[in-house]
Every structure is written in structure tokens, then in C-alpha cells.
2 protein chains.
Amino acid sequence: MGRIKTTYNISKKEIIIDKAAALIREKGFKAASMRDLAEIIGVEAASLYNHIKSKNELLYEICLHVANVYNKKINIISDEQISSIEKIEMLLRFHIQCMIQNFEKVFVSDREWKHLSEPYLSNFQNLRRNYRKKFAAIIEEGIKKEEIKKIDATTAVLIMLYAVSGIESWHRSKQKISGNALEENMIAILIGGLKKL
Amino acid sequence: MGRIKTTYNISKKEIIIDKAAALIREKGFKAASMRDLAEIIGVEAASLYNHIKSKNELLYEICLHVANVYNKKINIISDEQISSIEKIEMLLRFHIQCMIQNFEKVFVSDREWKHLSEPYLSNFQNLRRNYRKKFAAIIEEGIKKEEIKKIDATTAVLIMLYAVSGIESWHRSKQKISGNALEENMIAILIGGLKKL
DNA sequence: CCTACCGATCGGTAGG
DNA sequence: CCTACCGATCGGTAGG
């Protein structure tokens, strides 16, 4: 019985988090109210608090989940026995796929993290800083091995990450291009540039 | 006398808009309160309404200003007698400069426009759609002239615009690289790609 | 899971 | 420019 009840609670909490991600993505954290969320779930606002501690906890669960997935992935890719350019391509494809398939949570993590309260905020910022350092290290390695042109690695990381975040615009649009085509185009431009050789 | 009073009002309104841009950039539109803003200006909240109509008007003034500046610029660049790649480079450098020098307003326009109320929202979205179409047209032209590789123009626009928006991260950081160096690095990566030839 | 309700804060107005 | 104040809405709690 206890086992069944626990399972039920976890599942309901995850439904709430998923719906919260969609709502926060659409309206922004501050404009997304718990009453809005409750209506989407189909309960009264007060009932949400049987499953979650606070509105802040919802944001924290979303942001930390995304940050952890990203960090796990970059650790794996960093250790692969492939060229730096291949590592970056893998990382970009992973980011693009996350942005396409897990849009709501990734977007919220990217854009709404500043509304996190302490100590979640510092925790999240540390994870993000750590991630960007590892990304920059891969680029530095590629420059040293002369696979990548001599550019500022921090600037390159920033371009890559923000370029991928532009997929939000694709989501918002009529999506005249498929997810796969979007991915191939982004890789071509980011790795090879706009200019024809 | 009437002339002097008008000048004074315009000036005070512009101070309020500038301070509002900084506050909204920092906290987000919904979290930035008129009481916060009043304190920054050094008056009571009620006094703000002698200069502005509403909180929404502040956002509208910021977003429309930026959108108009961008549209004016792209019209000028589109008509220049230079190559498509040169046009894109000019446009990127312009964007980067705006992002560096006019950070607060550009950021608010990029990230907080969704809180605009009608009819301002539709007005802004039209300007933005128009701008992106013209940007895409320059890229299409470059593809046709075989200066630019065969990629999806809409995707390319999205990458360029969002990559530049990443300068927010540079602003937030210790800025170990100068504005000029940042600009040159971004141009090199976006036009030429990461990969060494 | 609900009803009932709280204190805080919001954008904005009236009136001087 | 201020004081005083409004109705709405917020996140969250008590109690069942």
C-alpha cells in the first residue's frame, strides 16, 4: 500500500512539473500563477501543495533536471576518443535534439533560471559554469590540435549555446523545415560558417 | 513657458524609460514593479503616472524603439552596392554594437516583448517578422550569387540573431575580452565557422 | 482533494 | 510632486 501510494505521488508530481514547464515557458515564471497551473491540472490551487512544496520548487526541479542532463552528457563526450570537431558536433546535435524534443523544460532552464531562489540559484549557476568550462576546454583542445581556428573559446561557447536556443523561434513558427533538416542546417552553419569556400 | 514644460516632460519620460529598461532587464517585466522603479527615480510610485500612461507603455516604448532602429538599418544595408556577405557582416557588426552599447533596451526587446499588450504586441511582431524576412532575403540573394553555401535562410537568420543575443552572457561576466575582440571573434565564427580550413 | 481565508503586493486613481 | 487608498491577484496555510 505504502509502495503504491508513493508511486502515485511521484507520478502526480511529475505531471505537475511537466505542465508547469509548459505554462512557465509560455507565460514566464512570474506571470504563471499557481491558480493557472491548478486549472490545467484540474484541481484547486491549494491541492497542488499536497504534491509540491512551493512554486519555487517547481522551477528548481525543471532547471536542475536540465542542468544535470547536460553535465552528464558533456562528461561522456569529453572522454570519447574522437577529434575535437567531432566532439563539438556531437554536443551540438545533442543540444539541438534536446531543444526539439524537450523544448518546454530546456527553454525554462535557459530563460527563467534567474527567478530561482537561494540556494538553488547558486547551485544552478555552478552547474552551468561548470558545463561551459568543459565546453570551452573541448574548443581549446581543438585549437591546440589545429582542428579549430584560433578564436576565443568562451565566445565560441556562447555563440553555440545561444544559436541553438534560437530553435524556440522554430517551435513558435509554422515549422516549414523538419527537425532533421533544422539540425543539419545548424551544424553546417556553426561548424563551417555561412561563407561558401 | 509651454515649450519649456514640454521639453522637461520629454526628458523626464526618457529618464524613466531608460531606468525602466535597466530594471526590466534585471528582473523581468512582471517582477519589475512600479514601486521599484519609482524608488530608483527618487519619487513615489504614483508620481510616475504624471509622465507615463502605464507600465505597459514603458515596455512598448522600449520594444518599439529597438524594432524601429533595426528596421531602419536593414533597409539602408539592403540597398547598399556591396556583396551579400558584406551586407551580412555589416548587419552582424551593427547588431553586436547595439548589444554592447545599448544592452538594456535590446535585451528587453529580445526577451520581454511577449508581455506586450495588444495592439502593441501585434505591431511589434509585425516589425520583427518584417525584419527577419529582409534578413533572410539578403541570405537568399547571397546563395543565388554563390557567395553563401546552400543552407536554409530562415535557420541562418535565427542562428545569427540568437548568437548575437549571447552577448548578454558577456555583459554578465567579468568581460575578460574587449568589446572589439568579441566582435571580431563573433564575425569570424559566424561567417567562417569553427573549423580550420 | 476541497472550502475558506490570510497577509502581501501589485498597477493604478482621486484629489490636492 | 505627494498622501491616501482601491480592487485584483498573488503564493500559501489551516482545517477537515
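Lettering follows sequence order; numbering is per chain, from 1.
Nearest heavy atom pair, residue Met99(A) against residue Val164(A), reads CG-O, 3.8 Å.
Within the model, atoms OH of Tyr70(B) and CG of Leu161(B) stand 8.5 Å from one another, a figure rounded to the nearest 0.5 Å.
The nucleotide whose nearest atom lies closest to any side-chain atom of Lys55(B) is, among dG11(D), dG12(C), dC2(C), dG12(C). When distances run from any side-chain atom of Val43(A) to the nucleotides dC1(D), dC2(C), dG11(C), the shortest one goes to dC2(C). In the set dG11(D), dG11(C), dC1(C), the nucleotide with an atom closest to the side chain of Met34(A) is dG11(D). Here dT3(D) is the nucleotide among dA14(D), dC1(D), dT3(D) with the atom lying nearest to any side-chain atom of Ala46(B). Considering only side-chain atoms of Glu44(A), the nucleotide from dG11(C), dC1(C), dT3(C) that sits closest is dT3(C).
Atom CZ of Arg35(A) and atom P of dA4(C) are 14 Å apart (whole Å). Computed from coordinates, the Asn56(B) CG to dG12(C) P distance equals 7 Å when rounded to whole Å. The separation between Tyr49(B) atom OH and dC2(D) atom C1' is 15 Å, rounded to whole Å. Nucleotide dG11(D) holds its P atom 11 Å from the NZ atom of Lys27(A), rounded to whole Å. Atom CD in Glu39(A) sits roughly 16 Å away from atom C1' in dC2(C) (whole-Å rounding). Whole-Å rounding puts the Leu48(A) CG to dG12(D) C1' distance at 11 Å. In this structure, Asp36(A) atom CG and dC10(D) atom P are separated by 6 Å, rounded to whole Å. What separates CG of Leu37(A) from C1' of dT9(D) is a distance of 16 Å, to the nearest Å.
The phosphate of dC1(D) (OP1 or OP2) has a side-chain N or O of Lys12(B) nearer than 4.0 angstrom. Taking side-chain N and O atoms only, Lys53(B) has no distance below 4.0 Å to OP1 or OP2 of dG11(C).
In this structure, a donor-acceptor pair under 3.5 Å is present between the side chains of Arg132(B) and Ser169(A).
Ala32(B) comes within 4.0 angstrom of sugar-phosphate atoms only, judged by non-hydrogen atoms across all strands, and of no base. In this structure, Ser33(A) reaches the sugar-phosphate backbone alone: every heavy-atom distance under 4.0 Å involves primed, P, OP1 or OP2 atoms, never a base.
Under the Watson-Crick and G-U wobble criteria, each requiring two contacts below 3.5 Å, nucleotide dA14(C) is paired to dT3(D).
With a 6.0 Å cutoff to the six-membered ring centre and a 45° limit on the axis angle, Lys114(B) does not count as a cation-pi contact of Phe29(B).
For the salt bridge (charged side-chain N to carboxylate O under 4.0 Å, His left out) with Lys87(B), the qualifying choice from Glu141(B), Glu147(B), Glu140(B) is Glu141(B), the only one to do so.
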